[in-house]
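Working notes for the structure below.
Here is the naming used below: chain letters follow the sequence lines, and residue numbers restart at 1 for every chain.
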2 protein chains.
Amino acid sequence: MRLTTKGRYAVTAMLDLALHEGKGPISLADISERQGISLSYLEQLFAKLRRNNLVASVRGPGGGYQLNRPKADIDVAEVIDAVNENVDATGCNRRGDCQSGEVCLTHHLWCDLSDQIHTFLSGITLADLVERKDVKAVSSRQEARQAEKMIASDIRVASGL
Amino acid sequence: MRLTTKGRYAVTAMLDLALHEGKGPISLADISERQGISLSYLEQLFAKLRRNNLVASVRGPGGGYQLNRPKADIDVAEVIDAVNENVDATGCNRRGDCQSGEVCLTHHLWCDLSDQIHTFLSGITLADLVERKDVKAVSSRQEARQAEKMIASDIRVASGL
DNA sequence: TATTTATCCTACTAATTTGGTCGGCTTTTG
DNA sequence: CAAAAGCCGACCAAATTAGTAGGATAAATA
Ligand code: FES
Ligand code: FES
């Protein structure tokens, strides 16, 4: 089992989409800027998210990504799973054949742990996260930052730099 | 966060010690044979377990390792921690500074998850595991296998091979 | 129609971790 | 003294992570 930035990035990016739902397609460049994730890396992650039908893409100018299902129907476990981070703590993928085909001493312990984690993560949807006040706080901070940057670059453009 | 064979091996080996408590020091060769873990790799893991005062060693023939505390006082989280697998799911080590010094969108989610996992794992002691019937079943199978092997090697020795 | 904006796709990379192996040393028992 | 154990450090192949780089394709717009 592992949970690294890959899975965290995926969830963060999906949550960003959920937060900006209804504003048309969101470009990866926007997400990259707001969440501080490398654009090329986001592309790779979204390739997987798209293959798993979690997002739909629109190409061309003004294009980007949108959630492919209502945000209340997408849970965190799915997202992590889509980018190949498996939330299974067993060494045998629940088959029970760790020790040369037979069940090992601690198999049941890891099964129980896996169940715990999966139950927790699959019980949280993007809609739940959007409603949380800590998420709202961070999101509005990020929007403010982005607006600052856009104004700054407008000034540069207007002054011909 | 990661949970790989390293942590699983450590817990399995510690449980093996707990199961054979009271029979004097247990050699790594025995554990290696019973649990199917490479001897040299066990040595590395036990170096860490010893540094964390979870086990005590006895050198020389007849030597081996013993639990350094009652098995009811050693929980699974400690063991995993001792071999450097950290059970923290955040990217910031709970500091909340993922996004250039500030808290990221999903920080609280990962904190909650980490708490879940830690609560679960630290609530299970080696004594609890020893009592489980699935553990008892696997353990007696392993003892039987080991006895078979010893008899087989005795025959080889007796017949001068 | 040319340009720009965006997704899409493939290949490469440095750094780290995992799960070991190997050889040799030290301590203790018989 | 020999054998059985722990102790220790170096080394290793394979996998994974978190990217970069460079281009191809599709669509909107000037
Ligand atoms: S973890 Fe499933 S058999 Fe060992
Ligand atoms: S995970 Fe803690 S700030 Fe991002």
Side-chain angles (χ1 to χ4, degrees), chain A residues 1-13 17 23-33 35-52 54-66 68 80 83-86 89 91-92 98-99 104 153 157, chain B residues 1-13 17 23-33 35-52 54-66 68 80 83-86 89 91 98-99 104 150 153 157:
Chain A
M1 182 190 136
R2 51 185 183 281
L3 179 52
T4 63
T5 43
K6 190 196 270 192
R8 283 193 295 265
Y9 279 176
V11 174
T12 302
L17 283 190
K23 299 182 192 169
I26 306 295
S27 74
L28 294 187
D30 276 0
I31 300 179
S32 166
E33 202 182 343
Q35 307 305 333
I37 306 172
S38 133
L39 177 59
S40 317
Y41 199 43
L42 274 177
E43 286 181 357
Q44 293 173 52
L45 297 181
F46 272 78
K48 295 185 179 188
L49 293 172
R50 195 171 53 100
R51 264 178 252 134
N52 285 73
L54 290 173
V55 295
S57 64
V58 179
R59 299 180 72 160
Y65 289 91
Q66 279 169 311
N68 202 26
I80 293 176
V83 292
N84 301 347
E85 297 227 298
N86 85 326
C92 59
C98 223
Q99 183 156 221
C104 74
S153 74
V157 169
Chain B
M1 186 190 135
R2 50 187 183 281
L3 180 52
T4 63
T5 44
K6 190 196 272 192
R8 284 194 294 267
Y9 279 177
V11 174
T12 302
L17 283 190
K23 300 182 192 169
I26 307 294
S27 75
L28 293 187
D30 276 0
I31 300 179
S32 167
E33 202 183 341
Q35 308 304 334
I37 306 172
S38 131
L39 176 61
S40 316
Y41 199 42
L42 274 177
E43 286 182 356
Q44 289 172 54
L45 298 180
F46 272 78
K48 294 185 179 186
L49 294 172
R50 195 171 51 101
R51 264 178 251 133
N52 285 75
L54 289 173
V55 295
S57 64
V58 179
R59 299 180 72 159
Y65 289 91
Q66 280 170 309
N68 204 25
I80 294 176
V83 292
N84 301 347
E85 297 226 301
N86 84 325
C98 225
Q99 183 155 221
C104 74
M150 283 183 66
S153 73
V157 170

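- At least one side-chain heavy atom of B:Leu17 sits under 4.5 Å from a side-chain heavy atom of B:Ile31.
- Using a 4.0 Å heavy-atom cutoff across all strands shown, B:Ser40 reaches at least one base atom of the nucleic acid.
- At a cut-off of 3.5 angstrom, counting only N and O atoms as typed in the model, there is a donor on one side and an acceptor on the other between the side-chain of A:Arg59 and the base of D:dT25.
- Both B:Leu39 and A:Thr5 lie near DNA chain D, and the one whose nearest nucleotide falls closer to the 5' end is B:Leu39.
- If you take CZ of A:Arg51 and P of C:dT7, they are 16 Å apart, rounded to a whole angstrom.
- Classification of the A:Tyr65-A:Phe46 ring pair by plane angle, with boundaries at 30° and 60°, yields tilted.
- In this structure, NZ of B:Lys48 is placed 14 Å from P of D:dC8, rounded to the nearest angstrom.
- Phosphate proximity of D:dC7 to B:Ser57: present, with a side-chain N or O under 4.0 Å from OP1 or OP2.
- Taking the nucleotide of DNA chain C with the nearest heavy atom to each of A:Arg50 and A:Gly60, the more 5' of the two is matched to A:Gly60.
- Note on B:Arg8: nothing from the nucleic acid sits closer than 4.0 angstrom, heavy atoms only.
- In this structure, CG of A:Leu42 is placed 14 Å from P of C:dA6, rounded to the nearest angstrom.
- For the OP1/OP2 pair of D:dT16 and a distance below 4.0 Å, the side-chain nitrogens and oxygens of A:Thr4 include no atom meeting the criterion.
- Between the A:Ser32 side chain and the A:Leu28 main chain, no donor and acceptor come within less than 3.5 Å of each other.
- Note: NZ (B:Lys6) to C1' (C:dG20) measures 12 Å, nearest angstrom.
- Distance A:Leu45 CG to D:dA18 C1': 10 Å, rounded to the nearest Å.
- Of the candidates C:dT7, C:dT18, D:dT17, C:dT7 carries the atom nearest the A:Tyr65 side chain, counting heavy atoms from C-beta on.
- In the set D:dA5, C:dT17, D:dC8, the nucleotide with an atom closest to the side chain of B:Ser27 is D:dA5.
- Between A:Asp30 atom CG and C:dA6 atom P the separation is 8 Å, expressed in whole Å.
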Should A:Arg2 and B:Thr4 be marked as a side-chain contact (heavy atoms from CB on, under 4.5 Å) after you check the CA-CA gap, both sets of side-chain angles, and the distance that decides it?
-> CA-CA 8 Å; A:Arg2 51 185 183 281; B:Thr4 63; over 6 Å; no
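- Interatomic distance, NZ of B:Lys48 versus CG of B:Leu54, reported as 13.0 Å (0.5 Å rounding).
- At a cut-off of 3.5 angstrom, counting only N and O atoms as typed in the model, there is no donor on one side facing an acceptor on the other between the side-chain of A:Gln44 and the base of C:dC9.
- What separates CD1 of B:Ile26 from P of D:dA5 is a distance of 11 Å, to the nearest Å.
- In terms of phosphate contacts, A:Tyr41 brings no side-chain nitrogen or oxygen within less than 4.0 Å of OP1 or OP2 of C:dT13.
- The side chain of B:Glu43 sits closest to D:dC8 out of D:dA4, C:dT18, D:dC8.
- Closest to the side chain of A:Pro61, from the set C:dT18, D:dC8, D:dA27, is D:dA27.
- Taking 4.0 angstrom as the limit, A:Tyr9 places a side-chain polar atom (N or O) nearer than this to OP1 or OP2 of D:dG19.
- Under 4.0 angstrom from either OP1 or OP2 of C:dT21 there lies at least one side-chain N or O belonging to B:Ser38.
- Between B:Lys6 and B:Tyr41 the shortest side-chain heavy-atom distance falls below 4.5 Å.
- In terms of phosphate contacts, A:Arg2 brings a side-chain nitrogen or oxygen within less than 4.0 Å of OP1 or OP2 of D:dT17.
- Rounded to whole angstrom, the span from the CE atom of B:Met1 across to the C1' atom of D:dT17 amounts to 17 Å.
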